[in-house]
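Note that the coordinates shown come from a computational prediction; the quantities given were computed from them, not determined experimentally.
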Amino acid sequence: MAFFCRKHSRVIVIAIASLAVVSVAVLTKNSINGFSWFHFFSSQWGWTSITNLGMTSSSSVFMIDQGKRKTLMNVGKVSKEKYVLMRGGNRSDAKLERVEAGLAMARALIREAAEDNNCTSSLHDDLDYIPRGYIYRNACAFHRSYLLMEKLFKIFVYEEGEPPLFHYGTCKDIYSMEGVFLSLMETNTKFRTSNPDEAHVYFLPFSVVMIIEHLFHPIIRDKAVLERTVSDYVRIISHKYLYWNRSLGADHFMLSCHDWGPRATWYVRQLYYNSIRVLCNANTSEYFNPKKDASFPEINLKTGEITGLTGGLPPSNRTVLAFFAGKMHGKLRPALLQHWMGKDKDVQVYETLPQGISYHEMMKKSKYCICPSGHEVASPRIAEAIYAECVPVLISQHYIFPFSDVLNWDSFTVQVPVTEIPNLKNILEGIPEDQYLRMQERVRQVQRHFVVNNPPRRYDVFHMIIHSIWLRRLNVRFPG
């Protein structure tokens, strides 16, 4: 079954023309450098460090009235040790406090589950799936958090903007996940709410892929089209609604799988510093901030087809030790190809596959699939390896792996430093067979979190993306 993006009746000309609308509001010039609505705990704190949830203290939410809000913005900074929530006006206070009370309850329940080593609180009639095992950083906490997300989490999608630049995206090729998420978010009724007062987060539905495709001139190459499009959009919604200015964008999120996804946020300081940026290109050297930003997988749906992508040979029939095929992109791959291309029958590395050899069949019969970063840190090979039930060998720098708040990547992957590329075969051959079998079985287990379904199914990649956003709204990090 192919994945069909949501269809729209409006034409591209109308979409582009809409960008020429003069915004009647001006986004505030005052920005809090490094400001975050939430204070994210470092991983060593763990779940038990979340104390006094819902109380007015330095480790909980506190309110600021309009006068203090103005003073704070003029000062231009706020203590990183506090949670700050800007009020939009007294009429919305009660609604906002109800939302915050629900989140405080969720934090307390998740903390309780995290401290329950036997997961007794999670043993109930969840007929679909109960997270267990080493693939999770804390299976009990994840299960409780996921169930609370399903029950409570509400997302408001701004309706402003015209397709194809907004509310639309391609659902095939390397940037497919951007379009898939937009399409599912537009049609999903489980998490989406039409009442912004009950929402926990607010989605800015612009597509970086479509902005580049329709507005970026291949010769002039003026990247300012991103600035104009994104900045104008934020100005419009910040004028029409109170929610952006209430939190300075901290309860808003954007999503992009395009290489220029991070660049699209540069031009609005509050979007860059405050908002949740959900990115495939989760590169900490390019200021991806895992305390507030979320990483999600790059999945190459070459034709838009989402069925028949998973499966591989049993371990006993996997005759290739390690496999990679790909262009010499970026800084890491040249070393891989220099040391291994055409030099070893066990570590089969190609820049171009010989005629008659199938890329996906090679993955399905290999024990390990090498997944080096290319031009950007993310690689669709990671998801492809998981689909093929092939243990991923991750070679990257500054990359935050998808869903790493929840998933224990050390349990089902091999991570090789760039300096150890010449020693790759020895590293893989040195892994005991029983350890390999455990990792391979865990790859099979984690696969459910990376598959694309239409309609979405519980715990699949769409729900895992939503859960990552939920965690950032909750200010929760799963401990190791």
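- Note: F403 and F401 fail the aromatic proximity criterion, with ring centroids not under 6.0 Å apart.
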Going through the checks in order, is the salt bridge (Lys or Arg N to Asp or Glu O under 4.0 Å) test met by E112 and R144?
-> CA-CA 9 Å; E112 176 187 75; R144 175 63 66 85; 3.4 Å; yes
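- Taken from CG in N300 to OG in S176, the straight-line distance is 6.5 Å, to the nearest 0.5 Å.
- Taking the side chain as every heavy atom from C-beta outward, L309 and V451 never approach each other to under 4.5 Å.
- Rounding to the nearest 0.5 Å places NE2 of H200 at 9.0 Å from NZ of K154.
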List the steps, then state whether salt bridge (Lys or Arg N to Asp or Glu O under 4.0 Å) holds for K367 with E433.
-> CA-CA 11 Å; K367 294 178 67 175; E433 183 67 11; 3.3 Å; yes
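- The line from CG of L313 to SG of C390 is 10.5 Å long, rounded to the nearest 0.5 Å.
- Between S207 and L165 there is no side-chain heavy-atom pair separated by less than 4.5 Å.
- R457 CZ: 12 or fewer foreign heavy atoms inside a 6.0 Å radius.
- Judged by the 6.0 Å and 45° rule, R448 forms a cation-pi pair with Y129.
- Ring geometry, H143 versus Y459: the interplanar angle falls from 30° to 60°, so the pair is classed tilted.
- Between C257 and E178 the shortest heavy-atom distance is N-OE1, 3.1 Å.
- Between H467 and F142, the ring-plane angle classifies as perpendicular under the 30° and 60° cut-offs.
- At least one donor-acceptor pair closer than 3.5 Å links the side chain of N138 to the backbone N or O of A141.
- Formation of a donor-acceptor pair under 3.5 Å by the S411 side chain with backbone atoms of Y134 is found in this model.
- For the 3.5 Å distance criterion, the side chains of E305 and T307 qualify, holding a donor opposite an acceptor.
- A tilted orientation is assigned to the rings of W409 and F412, their planes being inclined by 30° to 60°.
- With contacts defined as side-chain heavy-atom distances shorter than 4.5 Å, the pair H252/L204 qualifies.
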Could you go through the side-chain contact (heavy atoms from CB on, under 4.5 Å) check for I465 and M177 one step at a time?
-> CA-CA 10 Å; I465 294 170; M177 285 308 298; 4.1 Å; yes
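- When atom types are taken as modelled, the side chain of S231 and the backbone of E227 share a donor-acceptor pair closer than 3.5 angstrom.
- The CD atom of E298 sits 5.5 Å away from atom SG of C280, with the distance rounded to the nearest 0.5 Å.
- Side-chain contact between F191 and M149: present, with at least one pair of heavy atoms (C-beta onward) separated by less than 4.5 Å.
- The nearest pair of heavy atoms linking I299 to A383 is CG1-CB, 3.9 Å.
- Screening residues 378-392 for side-chain hydrogen bond (donor to acceptor under 3.5 Å, both in side chains), with sequence neighbours left out, gives Y359-E384, E389-R444.
- With a 6.0 Å cutoff to the six-membered ring centre and a 45° limit on the axis angle, K223 does not count as a cation-pi contact of F216.
- Across all their heavy atoms, A264 and V208 have their closest contact at CB-CG2, 3.8 Å.
- Atom CD of residue E441 and atom CD1 of residue I135 lie 10.0 Å apart, to the nearest 0.5 angstrom.
- Heavy atoms from other residues, nucleotides or ligands lying under 6.0 Å from NZ of K343 number more than 12.
- Ring centroids of Y399 and F288 are separated by 6.0 Å or more, keeping the two rings apart.
- Taking both residues in full, the closest heavy atoms of S275 and D293 are given as O-OD1, 3.6 Å, listed atom of the first, atom of the second, then distance.
- Between L271 and K292 the shortest heavy-atom distance is O-NZ, 4.4 Å.
- Two residues are said to be in side-chain contact when any heavy atoms from C-beta on lie closer than 4.5 Å; K302 and K172 fail this criterion.
- Between atom CG of residue N274 and atom OG of residue S247 there is a gap of 8.0 Å, rounded to the nearest 0.5 Å.
- Between H339 and L424 there is no side-chain heavy-atom pair separated by less than 4.5 Å.
- Checked against the 6.0 Å centroid threshold, F181 and F203 count as a close aromatic pair.
- For R263 and W260, the positive end sits near the middle of the six-membered ring, less than 6.0 Å away and at most 45° from its axis.
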Run the ring-ring contact (aromatic ring centres under 6.0 Å, His included) check on Y158 and F156 step by step: do they pass?
-> CA-CA 6 Å; Y158 288 111; F156 180 77; 5.5 Å; yes
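- When all heavy atoms of P205 and E186 are compared, the closest pair comes out as CB-OE2, 4.3 Å.
- A donor-acceptor pair shorter than 3.5 Å can be found between the side chains of N453 and D460.
- Counting heavy atoms from C-beta on, the side chains of P290 and I400 come closer than 4.5 Å.
- H449 and Y136 have their aromatic ring centers within a separation under 6.0 angstrom.
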Would you please test E420 and I427 for side-chain contact (heavy atoms from CB on, under 4.5 Å) and show each step?
-> CA-CA 9 Å; E420 291 297 313; I427 292 172; 3.9 Å; yes
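- Counting heavy atoms from C-beta outward, V180 and I306 have side chains that stay 4.5 Å or more apart.
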What's the verdict on salt bridge (Lys or Arg N to Asp or Glu O under 4.0 Å) for K425 and D344, showing C-alpha distance, side-chain angles and the deciding distance?
-> CA-CA 9 Å; K425 183 175 181 179; D344 195 292; 3.0 Å; yes
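- Judged as a salt bridge (charged side-chain N to carboxylate O under 4.0 Å, His left out), and not counting sequence neighbours, the contacts of D222 are R228.
- The backbone N or O of D259 sits less than 3.5 Å from a side-chain atom of N281, completing a donor-acceptor pair.
- Looking only at distances, no side-chain donor or acceptor of N408 sits under 3.5 Å from a matching main-chain atom of R137.
- Of the possible polar contacts, none joining the D173 side chain to the Y175 backbone as a donor-acceptor pair under 3.5 Å is found.
- Formation of a donor-acceptor pair under 3.5 Å by the R333 side chain with backbone atoms of K327 is found in this model.
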Assess whether side-chain contact (heavy atoms from CB on, under 4.5 Å) is satisfied between R472 and V278, documenting all intermediate values.
-> CA-CA 10 Å; R472 271 116 192 108; V278 187; over 6 Å; no
Can you list the steps and then say if I466 with I155 is a side-chain contact (heavy atoms from CB on, under 4.5 Å)?
-> CA-CA 9 Å; I466 297 290; I155 301 172; 3.7 Å; yes
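- With S256 contributing its side chain and H258 its backbone, the two residues share a donor-acceptor pair below 3.5 Å.
- In terms of modelled atom types and a separation under 3.5 Å, the side chain of Q415 and the main chain of V393 share no donor-acceptor contact.
- In the model, R277 has a side-chain atom that pairs as donor or acceptor with a side-chain atom of T265 under 3.5 Å.
- Heavy atoms of other residues, nucleotides or ligands lying less than 6.0 angstrom from NZ of K365 number 12 at most.
- Using modelled atom types, no side-chain atom of Q270 and backbone atom of G249 make a donor-acceptor pair closer than 3.5 Å.
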